[in-house]
Amino acid sequence: MASKRQPLHEWTIEPESAIALQKLLAPRIVCCDQTGEISHIAGVDIGFEEGGETTRAVIVVMRWPSLEIVERVLHRTPTRMPYIPGLLSFRELPAALEAFEQLSITPDLLMVDGMGIAHPRRLGIAAHLGLWLDIPAIGVGKSRLCGRNDEVPEARGSWVPLTHRNETIGAVLRTREQVKPLYISIGHRISLERSIHWVMQCLTRYKLPEPTRQADRLASRRTAETRCPEGDAAPEQDTLPF
DNA sequence: GCGACAG
DNA sequence: ATCTTGTCGC
């Protein structure tokens with residue numbers, strides 16, 4: 001029976017098949033620089049509502065080097081799959097891809113909340129998304145999925161390699177002093193060195209680089225209403241919708 | 001066999 | 001990821 005095939009990103013897949021697919025796709029990840037002129041960097045993050053029933057995919061596009069937000073997309077959709085360590089992309093990619101379809105600007109670089117190749121089968125969500133869209137991507141994780149690393153020096157900008165099975169799969173980077181480091185890894189079409197470089201270039205006063213931080217704020221509905229008593233800078237203002 | 005385990 | 005209060009520090 002020749003039924004109309006649904007978009008590939010609407011899969012719902014068994015863990016066993018998902019793992020097989022990762023092993024098939026991982027070898028296609030490009031780990032060298034293929035970035036051209038970079039004028040737009042996008043931050044990608046996924047959040048949840050209603051105890052996980054609804055998925056919120058957010059993409060924030062910023063102009064480089066001003067880092068001003070030029071476009072934002074918030075896409076809400078029913079959650080299709082549960083969270084299984086190692087299979088995160090199958091739970092979050094569908095929503096992210098649907099959000100991408102609503103973007104009018106095609107970013108030159110993606111910064112994704114999660115791992116790139118610093119994954120058991122070298123295909124974390126950042127690598128999976130970068131490969132699918134064929135856009136340079138960097139994995140920006142807040143905690144470790146696999147691998148080991150030495151202590152990271154306290155100085156901002158210092159980093160140590162994250163290794164797994166005798167391979168360097170990423171870097172544990174100190175983006176702020178006195179704060180837990182970030183787990184940076186190649187997503188697609190960019191080297192680890194340049195990945196670290198770009199993350200550092202997008203840092204302001206926070207732990208997370210701006211693209212990811214802004215996407216995270218919106219995905220977790222932590223927008224401009226967060227009050228701060230006084231003193232420092234005024235609460236961040238959101239110019240665009242939401 | 002036991003622990004670890006992105007978001 | 002999300003649920004959640006107060007609390008420590010610049």
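Reminder, nothing fancy here: chain letters follow the sequence lines and each chain counts from 1. The structure displayed is predicted, hence computed values, not measured ones.
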Q: When you measure from every atom of DNA chain B, which of residues 180-193 of chain A have a heavy atom less than 4.0 Å away?
A: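 Nothing qualifies; none.
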
Q: In terms of hydrophobic clusters joined by side-chain contacts under 4.5 Å, are A:Val112 and A:Tyr183 together?
A: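 In one cluster: no.
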
Q: Taking salt bridge (charged side-chain N to carboxylate O under 4.0 Å, His left out) as the cut-off, I'd like each qualifying pair that reaches into residues 17-31 of chain A, sequence neighbours left out, listed once.
A: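 Every candidate salt bridge (charged side-chain N to carboxylate O under 4.0 Å, His left out) pair involving residues 17-31 of chain A fails, so no pair, neighbours aside, qualifies.
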
Q: Quick check: do A:Leu129 and A:Leu110 have side-chain heavy atoms less than 4.5 Å from each other?
A: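 Yes. Closest side-chain heavy atoms under 4.5 Å.
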
Q: Enumerate the residue pairs fulfilling ring-ring contact (aromatic ring centres under 6.0 Å, His included) with a member in residues 60-81 of chain A, sequence neighbours excluded, ordered by first and then second residue.
A: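 Applying ring-ring contact (aromatic ring centres under 6.0 Å, His included) to every pair that reaches into residues 60-81 of chain A, excluding sequence neighbours, yields A:Trp64-A:Trp198.
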
Q: With sequence neighbours excluded, tell me which residues meet salt bridge (charged side-chain N to carboxylate O under 4.0 Å, His left out) with A:Asp113.
A: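 With neighbours one apart ignored, the set is A:Lys142.
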
Q: Return the stems involving DNA chain C, sorted by first number, where pairs are Watson-Crick (N1-N3 with N6-O4 or O6-N4) or G-U wobble (N1-O2 and O6-N3), both under 3.5 Å, and runs are 3 or more long.
A: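 Ordered by first number, the stems with DNA chain C amount to none, as no run of 3 pairs exists.
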
Q: Sequence neighbours excluded, which residues qualify as side chain to side chain donor-acceptor pair (under 3.5 Å) partners of A:Thr79?
A: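 Counting only residues at least two positions away or on another chain, A:Thr79 forms a side chain to side chain donor-acceptor pair (under 3.5 Å) with A:Thr55.
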
Q: Summarise how protein sits on nucleotides 2-7 of chain B as a single string, 5' to 3': B when a protein heavy atom is under 4.0 Å from the base, S for sugar-phosphate-only contact, - for no contact.
A: --SBBB

Q: Applying salt bridge (charged side-chain N to carboxylate O under 4.0 Å, His left out), which residue pairs with at least one partner in residues 172-186 of chain A are found, sequence neighbours left out?
A: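 Every pair satisfying salt bridge (charged side-chain N to carboxylate O under 4.0 Å, His left out) with a residue in residues 172-186 of chain A: A:Glu154-A:Arg174.
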
Q: Would A:Arg91 and A:Phe48 count as a cation-pi pair here, with the cationic atom under 6.0 angstrom from the ring centre and within 45° of the axis?
A: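 Yes.
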
Q: Output side-chain donor-acceptor pairs under 3.5 Å for residues 186-196 of chain A, partner residues at least two apart or in another chain, one line each.
A:
{"residue": "A:His188", "atom": "ND1", "partner": "A:Val30", "partner atom": "N", "Å": "3.1"}
{"residue": "A:Arg189", "atom": "NE", "partner": "A:Gln34", "partner atom": "OE1", "Å": "3.1"}
{"residue": "A:Arg189", "atom": "NH1", "partner": "A:Asp134", "partner atom": "O", "Å": "3.3"}
{"residue": "A:Arg189", "atom": "NH1", "partner": "A:Asp134", "partner atom": "OD1", "Å": "2.9"}
{"residue": "A:Arg189", "atom": "NH1", "partner": "A:Asp134", "partner atom": "OD2", "Å": "3.1"}
{"residue": "A:Ser191", "atom": "OG", "partner": "A:Asp33", "partner atom": "OD1", "Å": "3.1"}
{"residue": "A:Ser191", "atom": "OG", "partner": "A:Asp33", "partner atom": "OD2", "Å": "3.3"}
{"residue": "A:Ser191", "atom": "OG", "partner": "A:Arg194", "partner atom": "N", "Å": "3.2"}
{"residue": "A:Ser195", "atom": "OG", "partner": "A:Ser191", "partner atom": "O", "Å": "2.7"}

Q: Of all residues at least two apart in sequence or in a different chain, which pass the side-chain contact (heavy atoms from CB on, under 4.5 Å) check with A:Ala219?
A: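 Counting only residues at least two positions away or on another chain, A:Ala219 forms a side-chain contact (heavy atoms from CB on, under 4.5 Å) with A:Asp45, A:Val58.
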
Q: Should stems be defined as at least three consecutive Watson-Crick or G-U pairs with both distances under 3.5 angstrom, which of them involve DNA chain B?
A: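 Result, WC/G-U stems under 3.5 Å: none.
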
Q: Would you kindly give the CZ-to-C1' distance between A:Arg176 and C:dG9, to the nearest whole Å?
A: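 Going from CZ in A:Arg176 over to C1' in C:dG9 covers 11 Å.
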
Q: Whole angstroms only, please: what is the CZ-P distance between A:Arg221 and C:dA1?
A: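 Between P of C:dA1 and CZ of A:Arg221: 13 Å.
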
Q: Could you state whether A:Leu145 and A:Ile117 fall into the same hydrophobic cluster, counting links through intermediate Ile, Leu, Val, Met, Phe, Trp or Tyr residues with side-chain heavy atoms under 4.5 angstrom apart?
A: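 The answer is no; the residues belong to distinct hydrophobic clusters.
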
Q: Using a distance-only test with no angle check, is there a side-chain donor-acceptor pair under 3.5 angstrom linking A:Thr35 and A:Asp108?
A: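 Side-chain D/A pair, A:Thr35 to A:Asp108: absent.
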
Q: Tell me every residue that passes side-chain contact (heavy atoms from CB on, under 4.5 Å) with A:Arg63, counting only those two or more places apart in sequence or in another chain.
A: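 For A:Arg63 the side-chain contact (heavy atoms from CB on, under 4.5 Å) partners, ignoring immediate neighbours, are A:His40, A:Ser66, A:Glu68, A:Val70.
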
